[in-house]
Amino acid sequence: MIRVIDLYKNFAGHQVLKGVNLDIETGKITTIIGGSGSGKTVLLKHLNALLLPERGQILVDGADITRLGDRALNQIRQKFGVLFQGAALLDFMTIFDNVAFPLREKTELGEADIRDKVSERLRQVGLESMGYKYPAEVSGGMKKRAGLARALVMDPEIVLFDEPTTGLDPLLGKSIHQLIARMHATFGFTGVMVSHDIPEVFKFSDRVAMLADGVIQAVAPTKEFVVSENPAVRQFLRGELEGPIEVM
Amino acid sequence: MLFIVRQIGAVTTAHLFGMGRGFLFLLSAFAWVFRPPAKLRLIVKHIKEIGVDSLSVVVLSGAFTGMVLGLQGYYSLRKFNAESWLGSAVALALLRELGPVLSAFMVTGRTGSAMAAELGTMRVTEQIDALYSMAINPVKYLVSPRIIAGLIAMPLLTSIFNVVGIYGAFLIGVELLGVSSGSYFAGMEGSVVFQDVYSGLLKSVSFGLIITWVCCYKGFNAPPMATGVSQATTESVVLSFVLILVWDYFLTSIML
């Protein structure tokens, strides 16, 4: 269970988060939607302390990760896998080595076991024959798949997805969504996804939260969210310029 | 008036904070060196990057520096009928000053800038965030091995620069301008003492630290925007050059 309590964050005087409160349910996929620049990625990066807030708490299994020292924070971080927006693969390593990297650095596994596990993850994301290539040699979709394989290789309890379909064409985007849904069914992780790929993302999200004006405007199970009477939600889902959300 | 004073104060404070962050970054990089597991494979990889990849430019610049010293030294010393001191003059200039400083400039341009650009790109493309998210400290993984490699590779490159430079001056002075080969080497043997070699190598070690520290720090903290990498690379090269010259003055004044 992740609980975000009264979270505030500003960058150079610009207040991005103004008291965010959000509960992420264990074992489910929660998607955070909101306009460009609304602070979705900033909120996501707080969940494993890649960013620290000025004020507020983030409780992961009861521990406030905003106050932890390096060692304790690293233990918490090992519960997480992250798929970054651009995949963030280490560009001086092959895809195989990228996926193997956390296993080599953070476990005592032998090279044969590492090879088996990495091959399995690469097969699961459809990249079993691409392991020898460098990130610069593969397409955007393949990078995302490799990033997902790396995010899942340590069997994390929680996986964060930062706009996983950004920069991909609709078909590739759909295939990445299906892959995430399949991986979720296989591994049962708690997923937190930032996306504005609407309505595609609703197909496999268990819950949806909407961030606007620095606060969570609404959060609900997907079926309830899409028929929400909340004016901000209605404006955003219908793509209307007039309404409570100010369009910059 | 008050506005100007306030601006000067703000700029000064920002620079002092920046220097403080830079020193803390260096201390943290050294602290991670001593925490297991050791990253020997990475250190060797970066020695190769700093050492082998800079070798050609160091050899080339060493040769031409020596040749220029041979020419200039010969024409200056001839005015005093002291051409026989050419070997001594060239060796002292190279070992004590030109070797460490010029090879450090070459390494900054060839490897330091690449280091800043690589780390800057990693920052901008969230690869450094990815390391944090995998519970891997990026300073230990990316910075500490580079600093250790710089400390090891820089004196080796400087030694090569010195040897090539002395031979370059030999070619011009002895083979081209007719200085006696015996007096060239005898003068060198008579005037160069161990402290000349030692002080030059000590300088080169400290320059290795400056280059890797500044370039890693600038790249690691590159602004996350399109121009962030180029800005970090330019700043790292300029700051390295300036710090090398300033530190060279202080070291020279201490060791003379």
Side-chain angles (χ1 to χ4, degrees), chain A residues 11-12 41-42 44-52 65 68 70-93 97-108 135-136 143 146-147 150-154 156 158-163 166-167, chain B residues 10 14 17 24 27-29 31-32 35-42 44-46 48-50 53 111 114-146 149 216 219-226 228-229:
Chain A
F11 291 99
T41 297
V42 171
L44 193 80
K45 285 190 172 183
H46 278 84
L47 299 185
N48 67 343
L50 287 178
L51 290 173
L52 289 174
I65 62 167
L68 293 179
D70 278 354
R71 194 163 293 179
L73 181 58
N74 279 340
Q75 281 178 348
I76 296 278
R77 277 179 173 155
Q78 289 191 52
K79 295 182 178 192
F80 285 82
V82 184
L83 175 55
F84 287 88
Q85 201 175 116
L89 298 170
L90 301 174
D91 49 20
F92 50 88
M93 286 182 187
D97 287 336
N98 261 286
V99 180
F101 184 66
L103 295 171
R104 287 179 178 144
E105 291 292 322
K106 303 307 289 186
T107 71
E108 301 291 322
K143 277 184 199 165
R150 186 180 68 182
L152 295 175
V153 79
M154 295 284 280
I158 304 157
V159 183
L160 309 179
F161 302 92
D162 185 9
E163 303 199 17
T166 296
Chain B
F17 271 119
L24 287 176
L27 288 178
S28 146
W32 279 107
R35 288 202 211 173
K39 298 286 177 196
L40 288 176
R41 204 172 48 83
L42 284 174
V44 172
K45 177 185 169 230
H46 292 304
K48 186 256 171 197
E49 279 177 11
I50 298 171
D53 294 354
T111 314
M115 215 178 267
E118 186 180 352
L119 294 187
T121 305
M122 291 186 76
R123 166 65 72 191
V124 172
T125 57
E126 296 184 307
Q127 292 175 53
I128 289 177
D129 279 349
L131 289 173
Y132 278 120
S133 74
M134 288 184 272
I136 294 161
N137 189 295
V139 174
K140 179 175 175 63
Y141 191 77
L142 299 172
V143 179
S144 303
R146 283 177 164 86
C216 286
F220 196 87
N221 295 294
M225 53 188 178
V229 177

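Below, each value reflects all heavy atoms present in this structure, side chains not excepted, and no hydrogens, waters or symmetry copies. Labels below follow one simple rule: chain letters A, B, ... track the order of the sequence lines, proteins then strands, and each chain is numbered from 1. Nothing here was measured: the structure is a model prediction, and the numbers come from that model.
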Trainee: Less than 4.0 angstrom from a charged side-chain N to a carboxylate O is my criterion; do Lys140(B) and Glu105(A) meet it?
Mentor: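 No.
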Trainee: Rounded to the nearest 0.5 Å, what separates atom CG in Leu90(A) from atom CG in Leu131(B)?
Mentor: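 So the gap between those two atoms works out to 5.5 Å.
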Trainee: Please indicate whether Phe11(A) has more than 12 foreign heavy atoms, meaning atoms of other residues, nucleotides or ligands, lying under 6.0 Å from its CZ.
Mentor: yes
Trainee: Below 4.5 Å from any heavy atom of chain A, which atoms of Met122(B) appear? Answer side chain, backbone, both or neither.
Mentor: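 Side chain only.
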Trainee: For Leu50(A), which atoms come within 4.5 Å of any heavy atom of chain B: side chain, backbone, both, or neither?
Mentor: side chain
Trainee: Between CD1 of Ile136(B) and CD of Gln78(A), what distance do you get to the nearest 0.5 Å?
Mentor: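 Rounded to the nearest 0.5 Å, the CD1-CD separation comes out at 8.5 Å.
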Trainee: Between Ile128(B) and chain A, with a heavy-atom cut-off of 4.5 Å, which part of the residue counts as in contact: side chain, backbone, both or neither?
Mentor: neither
Trainee: Please list, chain by chain and in numerical order, all residues satisfying ring-ring contact (aromatic ring centres under 6.0 Å, His included) with Tyr141(B), sequence neighbours excluded.
Mentor: Phe101(A)
Trainee: Would you say that Thr125(B) contacts Leu89(A) through its side chain, given a criterion of any heavy-atom pair below 4.5 Å between the two side chains?
Mentor: no
Trainee: Work out which heavy atom in Glu126(B) is nearest to a heavy atom in Asp162(A); give both atom names and the distance.
Mentor: OE2-OD2, 4.3 Å
Trainee: Do the numbers put Lys45(B) on top of the ring of Phe92(A), so that NZ or CZ is under 6.0 Å from the six-membered ring centre and no more than 45° off the axis?
Mentor: yes
Trainee: Quick one: do Asp129(B) and Val82(A) satisfy side-chain contact (heavy atoms from CB on, under 4.5 Å)? Show the steps, please.
Mentor: CA-CA 10 Å; Asp129(B) 279 349; Val82(A) 184; over 6 Å; no
Trainee: Kindly state each residue pair satisfying salt bridge (Lys or Arg N to Asp or Glu O under 4.0 Å) with at least one member in residues 72-81 of chain A, sequence neighbours excluded.
Mentor: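 For residues 72-81 of chain A, and leaving out neighbouring residues, the salt bridge (Lys or Arg N to Asp or Glu O under 4.0 Å) pairs sorted by first residue read Asp61(A)-Lys79(A).
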Trainee: Side chain, backbone, both or neither: which part of Gln75(A) has a non-hydrogen atom closer than 4.5 Å to chain B?
Mentor: neither
Trainee: Taking all heavy atoms of Ala88(A) and all of Ala130(B), pick out the closest pair and write down the distance.
Mentor: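 Answer, listing the atom of Ala88(A) first, then Ala130(B): O-CB, 3.8 Å.
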Trainee: Could you tell me whether the side chain of Gln127(B) and the main chain of Asp91(A) form a donor-acceptor pair under 3.5 Å?
Mentor: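 Such a contact is found between Gln127(B) side chain and Asp91(A) backbone.
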Trainee: For residues Phe84(A) and Ser133(B), report the shortest heavy-atom separation together with the two atoms involved.
Mentor: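 Looking at all heavy atoms of both residues, the shortest contact is CE1-OG, 3.7 Å.
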Trainee: With a 3.5 Å distance limit and no angle check, can you tell me whether Lys106(A) reaches the backbone of Met134(B) through a side-chain donor-acceptor pair?
Mentor: no
